[in-house]
Amino acid sequence: DVIRLLNALSPVFALILRNTLHFEAQEAKVLSQAEEYRALLHTNQDGIITLSGDGTVLVANEAYLRMSGYSHVEIQSLGISDLEANETRPETDRHIQKIREEGSDRFHSRHRRKDGSSFPVEISTTHVPGRDLIIGFIRDLTEKQAVETALRESEAHYRELVEILGEGVSVVDASAT
């Protein structure tokens, strides 16, 4: 009787074993992908923050923490309106609602550091409706704006020199034949 019972149950055991091995392989694949995504999040040069649907900061990568001066623990106690330096809280709430309705947005703003100073940023956001999350990719524009300012000042300086000279100025390439 035991042998007949084992013979009858062996296809069931084989199915259970096959499903278990398949599940373990899938689990390993998911864990590997999660590790890859974690590495991307933490090694990216741009700041990345994830917000709940109401604007509470859930997580920020190392790049954003360096930009803002906050620690992981500190930033998780903040909302995006605490970091946003250009918009008032009601404006930020309306902006979050717009992102949730439209699915994404790209804009320039200023964010507030822990020390109270602010810095210019370009932000690209995406709403994840199934989980009601907003993911923000944040680029610090401080260096770019400094270069643009220096270029404008240099152009203005040379333009002023040309106007002061009052005569024509030509540029000649000595290496040209």
Side-chain angles (χ1 to χ4, degrees), residues 23 25-163:
F23 174 76
Q26 291 299 320
E27 182 181 34
K29 184 178 178 181
V30 167
L31 290 173
S32 174
Q33 287 176 337
E35 190 61 33
E36 290 172 18
Y37 292 136
R38 197 172 297 113
L40 283 173
L41 174 71
H42 292 293
T43 60
N44 197 309
Q45 297 297 310
D46 289 335
I48 303 172
I49 60 174
T50 302
L51 309 173
S52 64
D54 67 357
T56 302
V57 178
L58 300 174
V59 67
N61 72 344
E62 295 298 325
Y64 189 77
L65 295 175
R66 279 191 304 277
M67 284 180 214
S68 65
Y70 288 100
S71 70
H72 283 285
V73 173
E74 292 169 327
I75 204 151
Q76 289 176 334
S77 69
L78 302 175
I80 193 62
S81 59
D82 298 314
L83 301 170
E84 172 59 48
N86 280 352
E87 297 176 344
T88 63
R89 186 175 300 266
E91 290 170 330
T92 301
D93 291 344
R94 284 191 298 276
H95 201 166
I96 288 171
Q97 187 58 35
K98 176 185 172 211
I99 293 166
R100 291 172 76 200
E101 290 169 1
E102 296 180 7
S104 65
D105 195 10
R106 184 180 202 123
F107 57 97
H108 289 95
S109 189
R110 292 189 71 79
H111 271 199
R112 192 174 298 110
R113 292 186 181 95
K114 181 179 176 180
D115 67 8
S117 65
S118 67
F119 58 104
V121 291
E122 177 182 38
I123 303 172
S124 177
T125 62
T126 300
H127 180 241
V128 182
R131 298 190 51 210
D132 196 23
L133 298 175
I134 296 173
I135 301 173
F137 299 88
I138 302 156
R139 178 163 291 163
D140 185 344
L141 298 177
T142 302
E143 191 173 306
K144 179 182 178 190
Q145 287 186 356
V147 168
E148 290 172 350
T149 299
L151 180 61
R152 277 193 305 276
E153 289 172 357
S154 176
E155 288 173 345
H157 175 72
Y158 286 108
R159 190 175 310 111
E160 184 180 331
L161 283 175
V162 169
E163 290 173 2

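Below, all heavy atoms of this structure are taken into account, side chains as well, without hydrogens, waters or symmetry copies.
Contact between G53 and I96 at its shortest, heavy atoms only, is O-CG2, 3.4 Å. Nearest heavy atoms, I75 versus S68: CD1-OG, 4.1 Å. For the pair T88 and E91, the tightest heavy-atom approach, listed with the atom from each and the gap, is N-OE1, 2.7 Å.
In this structure, CD on E62 lies 4.0 Å from NE2 on H72, to the nearest 0.5 angstrom. Summarising the geometry, atom CG belonging to L83 is positioned 14.0 Å from atom CZ belonging to R110; distances are rounded to the nearest 0.5 Å. R100 contributes atom CZ, which lies 8.0 Å from atom CG of D54 (distance to the nearest 0.5 angstrom). Atom-to-atom distance recorded for I134:CD1 and T50:OG1 is 10.5 Å, nearest 0.5 angstrom. Separating the CZ atom in R131 from the OG atom in S52 is a distance of 11.5 Å, to the nearest 0.5 Å. One finds the CG atom of D93 at 11.5 Å from the CD1 atom of I80 (value rounded to the nearest 0.5 Å).
Two residues are said to be in side-chain contact when any heavy atoms from C-beta on lie closer than 4.5 Å; D82 and R89 meet this criterion. In this structure, the side chains of S109 and E84 come closer than 4.5 Å at one or more pairs of heavy atoms.
A donor-acceptor contact shorter than 3.5 Å links the side chain of Q76 to the backbone of L58.
Using cut-offs of 30° and 60° for the angle between ring planes, the Y64 and F119 rings count as tilted. Note: H95 and F107 have tilted aromatic rings, judged against thresholds of 30 and 60 degrees for the angle between ring planes.
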Throw together a table of side-chain donor-acceptor distances under 3.5 angstrom for residues 138-147, partners on residues two or more places apart or in other chains.
residue : atom : partner : partner atom : Å
R139    : NE   : D46     : OD1          : 3.1
R139    : NE   : D46     : OD2          : 3.4
R139    : NH2  : D46     : OD2          : 2.7
D140    : OD1  : T142    : N            : 2.8
D140    : OD1  : T142    : OG1          : 2.6

Identify every side-chain donor-acceptor pair in residues 123-130 under 3.5 Å, counting partners at least two apart or on other chains, and give the distances.
residue : atom : partner : partner atom : Å
T125    : OG1  : D105    : N            : 3.2
T125    : OG1  : D105    : O            : 3.2
H127    : NE2  : D132    : OD1          : 3.0

- Kindly indicate, with the supporting measurements, whether the criterion side chain to side chain contact (heavy atoms under 4.5 Å, CB included) is fulfilled by R152 and E148. CA-CA 6 Å; R152 277 193 305 276; E148 290 172 350; 3.8 Å; yes
- Query: Between E74 and K114, does a side chain to side chain contact (heavy atoms under 4.5 Å, CB included) hold up when you go through it step by step?
  - Reply: CA-CA 9 Å; E74 292 169 327; K114 181 179 176 180; 2.6 Å; yes
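In the displayed structure, E155 atom CD is contacted under 6.0 Å by more than 12 heavy atoms of other residues, nucleotides or ligands.
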